[in-house]
Amino acid sequence: MNKSDIIYDVTGIGNAIVDVLAKVGDGFLSERKLEKGSMTLLDAPTAGAIYTDLIPEREVSGGSSANTVAAIASLGGTPAFIGKVHDDELGQEFQRSIGAAGVDFFTTPLYQGPSTGRSIVLVTPDAERSMFTYLGAAQKLSADDIDENVIKSSRIIYLEAYLWDSASAREALFKACEIAHKYDRMIAFSLSDKSCIERHRDEFCQFVDNEVDILFGNEDEIKSLYQKDDLIECLDIIKDKVEIAAITRNAQGSVVVNQRIKIFIDAEKVNEVVDTTGAGDLYAAGFLYGYTQGRSLGTCAMIGGIAAAEIIGHYGARAEVSLRGFVRNQLRAYGKSFS
């Protein structure tokens, strides 16, 4: 890797959508036969019907990969993002807000066709989040949107599994991988959601084997990927597939696998779990930031856990404080520095 070419720590590629956050009771889901705890794709009319029945807590730019790179910027990193919006009101808001977060975003918007995508995130009293997503313009991300100079200028390319639900976006993903390998850049991949894995399991297994250097997922997702009930068995499988796997385990923290080494990290203490939306995105952000700064894998996992702890203490998938200061204070409590 020629370090003189590097401008960005991480470039995220993913669905550019606006998150609509609302608190509901379990009855709201059951009455509409909506599946709890996963991500469900919707068409425009269905998304509109659900939206009209809600009183949103907030509407913010989102998407899994976009949340991750925004958090990397808050930690002090230099990220970029590639994703597709329409040049409509929501798309313009997405561009403004991701830029304000400190993320470079140059993708040309659509001027015709579907509107900017949105994800309706319903949070039940148990803090579980259920996502109902209309991809809209995000599905129109194409290979033409992948800027070789941006990929070349990035240490790590971070991809979300949700891209697989659009043939066009999937082509963009593979073009990004081809360019990344050309310049010896690393590929990080988030499994994103169990239902997404179930739709594309065989393709994901092949992709992880052939393209991925760093894999992110939670315990349920890795078990689903390899169709095993035992986490340790899954970890033994993944150690030969990727350079690093970082698997979150909710209240049990996380585990990092690097060849034969398994590093178990305790979860951060949280006074109250309010909303789990974005916890995995923020964990990935903390881990990748630490990794690009040369920290040990254990410390990377700690930074990821601290970032995730901030996000689950409030509604929404964007930090309410400077993550850099938040993580610095927490690491100091453990006797570790944060540069």
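Predicted model, so just to flag it, every value in this text is computed and none were measured.
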_Distance in Å, Glu35 CD paired with Ser195 OG, rounded so as to fall on 0.5 Å steps_ = 6.5 Å

*In this structure, which one of Thr292, Asp104, Thr78 forms a side chain to side chain donor-acceptor pair (under 3.5 Å) with Tyr8?*
Asp104

_Asn67 and Ser64: side chain donor to acceptor below 3.5 Å_ = no

*asked:* Between Asp87 (side chain only) and Leu110 (backbone N and O only), is there a donor and an acceptor less than 3.5 Å apart?
replied: no

*asked:* So that I know where these two stand, are Phe207 and Phe189 an aromatic pair - ring centroids less than 6.0 Å apart?
replied: yes

*Side chains of Tyr158 and Thr11: donor-acceptor distance under 3.5 Å anywhere?*
no

*Going by heavy atoms in the side chains, are Lys262 and Leu235 under 4.5 Å from each other?*
yes

*To the nearest 0.5 Å, what is the distance between CD1 (Ile306) and CG (Leu323)?*
10.5 Å

*asked:* Can you tell me how far apart OG (Ser190) and CD1 (Ile214) are? Round to the nearest 0.5 Å.
replied: 12.5 Å

*Run the side chain to side chain contact (heavy atoms under 4.5 Å, CB included) check on Tyr183 and Glu148 step by step: do they pass?*
CA-CA 10 Å; Tyr183 293 105; Glu148 182 166 347; 2.6 Å; yes

*Examine the side chains of Thr299 and Ser296 and answer whether a donor and an acceptor come within less than 3.5 Å of each other.*
yes

*Okay, side chain of Ser74, backbone of Ser322: is any donor-acceptor separation there less than 3.5 Å?*
no

*Evaluation steps, side chain to side chain donor-acceptor pair (under 3.5 Å), between Glu243 and Asn258*: CA-CA 6 Å; Glu243 183 174 333; Asn258 177 221; 5.4 Å; no

*Are any side-chain N or O atoms of Ser154 and backbone N or O atoms of Val150, one a donor and one an acceptor, separated by less than 3.5 Å?*
yes

*With distance as the sole criterion, is a donor-acceptor pair present between the side chains of Asp88 and Ser115 under 3.5 Å?*
no

*asked:* Using only atom types and a distance under 3.5 Å, with no angle test, would you say the side chain of Arg185 pairs donor to acceptor with the backbone of His181?
replied: no

*Main-chain N/O of Asn250 paired to Thr248 side chain as donor or acceptor, under 3.5 Å*: no

_Check ion pair Asp19-Arg118 (N to O, under 4.0 angstrom)_ = no

*Are Tyr289 and Arg324 linked by a side-chain donor-acceptor pair shorter than 3.5 Å?*
yes

*Is the number of heavy atoms from other residues, nucleotides or ligands under 6.0 Å of Ile55 CD1 greater than 12?*
no

*Heavy-atom pair with the smallest gap, counting every atom of Asp43 and Tyr134*: C-CD1, 4.0 Å

_Residues Lys223 and Glu233 bridged, charged N to O under 4.0 Å_ = no

_Please tell me whether Gln112 and His86 have a donor and an acceptor in their side chains that are separated by less than 3.5 angstrom._
no

*Hey, do the aromatic rings of Phe81 and Phe106 have their centres closer than 6.0 Å?*
no

*In plain terms, say whether Lys175 and Glu178 are close enough for a salt bridge, that is, a side-chain N and a carboxylate O under 4.0 Å apart.*
no

*To the nearest 0.5 Å, tell me how far Ile50 CD1 sits from Leu34 CG.*
4.5 Å

_Under-4.0 Å salt bridge between Lys194 and Asp220_ = no

*Using the six-membered ring wherever Trp is involved, compare the ring planes of Phe204 and His200 and label them parallel, tilted or perpendicular (cut-offs 30° and 60°).*
tilted

_Can you confirm whether Lys241 sits close enough to Leu215 that some side-chain heavy atom of one is under 4.5 Å from a side-chain heavy atom of the other?_
no

*State which residue, out of Ile303, Thr68, Ile244, fulfils the side chain to side chain contact (heavy atoms under 4.5 Å, CB included) condition with Phe287.*
Ile244

_Thr52 side chain to Ala49 backbone, donor-acceptor under 3.5 Å_ = yes

_Carboxylate-amine/guanidinium proximity below 4.0 Å for Asp184 and Lys152_ = no

*Pairwise side-chain contact, Gln139 with Pro114, heavy-atom cut-off 4.5 Å (strictly under)*: no

*So, Arg249 and Asp266, do they make that salt bridge, N to O below 4.0 Å?*
no

*Find the distance between OG1 (Thr107) and CD1 (Ile13) and round it off to the nearest 0.5 Å.*
9.0 Å

